[in-house]
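The block underneath contains the structure these notes are about, expressed in C-alpha cells.
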Amino acid sequence: EGGYDSWLKGVTGRRLERRLTGGVWMPVDDGDGVDPVAGSDIHTTIDINLQDVADAALEAQLQKHGAHHGTVVVMEVATGHVKAISNLTRRNDSTYVEDLNYAVAHAEEPGSTFKLASLMVGLDDGSIKVTDTVDTKRGRVRYRDRIMHDSHEDLYGKMTVRRSFELSLNTGISLAVTKAYGADPKKFVAGLKRFHLHETTGVMIPGEAIPTLRSPGEKGWSGVSMPWMSIGYEVALTPLQTLTFYNAVANNGKMMQPQFVDHISRNGKIIEK
C-alpha cells in the first residue's frame with residue numbers, strides 16, 4: 001500500500017458550501033469544486049494457492065526448529081513476478097505472526113548461498129576452473145590469525161573446485177578464491193559488483209535494505225576479509241536480493257527486477273502494465 005499509494009489514493013473531492021439559517025448547508029457553485037476520483041485497482045502477482053503453501057511450509061519449519069523468524073519468496077524466473085512471499089516472527093506465546101518484511105528490509109550475511117557468486121567471478125575472469133584442485137586439509141585451513149572450518153571436519157582432503165562446490169565446503173571455495181585473487185582482492189570485489197550485488201533491487205516496496213559489500217581500504221576490511229567474503233560472511237544481502245541474483249542465473253544471465261504488481265486498472269481498464 002505504501003509503495004503504490006499514488007495509484008491507490010485517488011483524488012479527494014472538494015466543494016464550497018454556505019451555511020444557511022437553521023444549520024442547513026448549501027453548495028456554492030463558483031466553479032472551484034473538485035469531483036472525487038476513486039483510486040485505481042492494483043493487481044498483484046501473488047498466486048493465492050502458492051501463497052497458502054508458502055505460509056504453511058514456512059510456519060511448519062519455524063515451529064520444527066524453534067526459529068525466531070523466517071521468510072520465503074517464490075519468484076517466476078522469466079518475469080521476476082513474486083508469486084508468494086511470507087515473513088513470520090515468533091511471539092512470546094510461540095505462535096507466528098507477519099509483522100516485518102524480512103525479505104525486503106532485513107540484510108544479513110547470506111552464508112553459503114554466496115559461494116555461487118564467488119565462483120562465478122573466477123569463472124568469468126578465467127582465473128578459476130572447476131577442474132582446479134584444492135587441498136581442504138580435512139576441513140581446517142588457516143588464514144593469518146584465523147582458522148576456517150567446514151561443518152564436517154576430517155572427511156575431505158584434496159579435491160576439485162567442482163566437488164568443493166557440490167559439498168559446499170568453506171575451505172575449498174575460500175582456497176580457490178584466495179589462490180585466484182590473493183594478490184588483487186579489488187579485482188574479486190569488482191567481479192561481485194558486476195553482478196550488482198552491491199545495489200538494491202529498486203523494488204517498489206518501501207524500506208529495502210542496502211547491501212554491504214566492502215572493498216580493500218574501506219573501513220572494516222582486513223587481511224582475512226576476502227576468504228570470509230567468499231563464503232558469504234562480512235557481506236550482507238536481503239533474501240530478496242539473493243533471490244534476484246539466483247533468478248538471474250536460472251534466467252540465463254538476464255536479471256529481472258522483482259515485481260509485486262502485474263498491472264493497474266481503473267474502471268475495468270488497464271492503465272499501466
To the nearest 0.5 angstrom, please state how far the [atom1] atom of [X] sits from the [atom2] atom of [Y].
X      : Y      : atom1 : atom2 : value
Met226 : Tyr181 : CE    : OH    : 9.5 Å
Arg140 : Glu153 : CZ    : CD    : 4.5 Å
Phe245 : Met255 : CZ    : CE    : 7.0 Å
Lys83  : Met75  : NZ    : CE    : 11.5 Å
Ser112 : Leu169 : OG    : CG    : 9.5 Å
Thr113 : Leu237 : OG1   : CG    : 7.5 Å

Please answer whether the main-chain N or O of [Y] pairs with a side-chain N or O of [X] as donor and acceptor at a distance below 3.5 Å.
X      : Y      : answer
Glu208 : Gly202 : yes
Asn170 : Met148 : no
Thr136 : Gly157 : yes
Ser225 : Ser222 : yes
Glu218 : Ser215 : yes
Tyr143 : Pro227 : no
Arg90  : Asn92  : no
Gln241 : Thr200 : no
Ser118 : Ser230 : yes
Ser174 : Thr171 : yes

What pairs with [X] under salt bridge (charged side-chain N to carboxylate O under 4.0 Å, His left out), at least two apart in sequence or on another chain?
X      : answer
Arg163 : Glu166
Lys219 : none
Arg138 : none

Side chain to side chain, [X] and [Y], heavy atoms closer than 4.5 Å:
X      : Y      : result
Thr238 : Val104 : no
Pro211 : Val235 : no
Arg144 : Arg146 : no
Leu58  : Tyr96  : no
Val130 : Thr160 : no
Val134 : Val161 : yes
Ser86  : Gln51  : yes
Ile264 : Ile42  : yes

For this session: Run the numbers on Lys193 and Val189 for side chain to side chain contact (heavy atoms under 4.5 Å, CB included), then give the verdict.
Result: CA-CA 6 Å; Lys193 289 182 177 180; Val189 177; 4.0 Å; yes
Consider only side-chain heavy atoms of I, L, V, M, F, W and Y, link residues closer than 4.5 Å, and tell whether [X] and [Y] are in one cluster.
X      : Y      : answer
Leu213 : Leu240 : no
Phe165 : Met120 : yes
Leu192 : Leu116 : yes
Ile173 : Leu197 : yes
Phe195 : Ile128 : yes

For the [atom1] atom on [X], are there more than 12 heavy atoms of other groups (residues, nucleotides or ligands in this structure) within a distance under 6.0 Å?
X      : atom1 : answer
Ile271 : CD1   : yes
Arg18  : CZ    : no
His263 : NE2   : yes
Tyr233 : OH    : no
Lys179 : NZ    : no
Asn267 : CG    : no

Can you name the closest pair of heavy atoms from [X] and [Y] and give their distance?
X      : Y      : result
Ala38  : Arg266 : O-NE, 4.1 Å
Gly191 : Val121 : C-CG2, 3.5 Å
Ala84  : Ala54  : CB-CB, 4.0 Å
Ser164 : Gly172 : OG-CA, 3.5 Å
Pro258 : Val203 : O-CG2, 3.9 Å
Pro206 : Gly2   : CG-C, 4.0 Å

Exercise. Regarding Tyr102 and Thr89, is there a side-chain donor-to-acceptor distance under 3.5 Å anywhere?
Worked result: yes
Exercise. Do Asp262 and Thr45 have side-chain N/O donor and acceptor atoms under 3.5 Å apart?
Worked result: no
For this session: Go through the steps to decide whether Trp221 and Met229 satisfy the test side chain to side chain contact (heavy atoms under 4.5 Å, CB included), and finish with yes or no.
Result: CA-CA 10 Å; Trp221 182 272; Met229 282 178 64; 3.3 Å; yes
For this session: State whether Asp35 and Arg14 are salt-bridged, where the test is any N-O pair (Lys NZ or Arg NE/NH1/NH2 against Asp/Glu carboxylate O) under 4.0 Å.
Result: no
For this session: Mind running side chain to side chain contact (heavy atoms under 4.5 Å, CB included) on Met256 and Val77 for me, showing each step along the way?
Result: CA-CA 8 Å; Met256 306 301 294; Val77 172; over 6 Å; no
For this session: Would you mind listing every salt bridge (charged side-chain N to carboxylate O under 4.0 Å, His left out) that reaches into residues 117-136, with sequence neighbours excluded?
Result: Asp125-Arg194, Asp135-Lys137
For this session: Not counting sequence neighbours, list each pair that qualifies as a side chain to side chain donor-acceptor pair (under 3.5 Å) and has a residue in residues 242-257.
Result: Gln257-Gln259
Exercise. Excluding sequence neighbours, so at least two apart, what forms ring-ring contact (aromatic ring centres under 6.0 Å, His included) with His198?
Worked result: none
Problem set entry | Candidate pair Tyr156 and Asp150, rule side chain to side chain contact (heavy atoms under 4.5 Å, CB included), full reasoning | CA-CA 10 Å; Tyr156 308 106; Asp150 287 321; 5.7 Å; no
Exercise. What is the ring orientation for His69 with His106, classed by angle as parallel under 30°, tilted 30 to 60°, or perpendicular over 60°?
Worked result: perpendicular
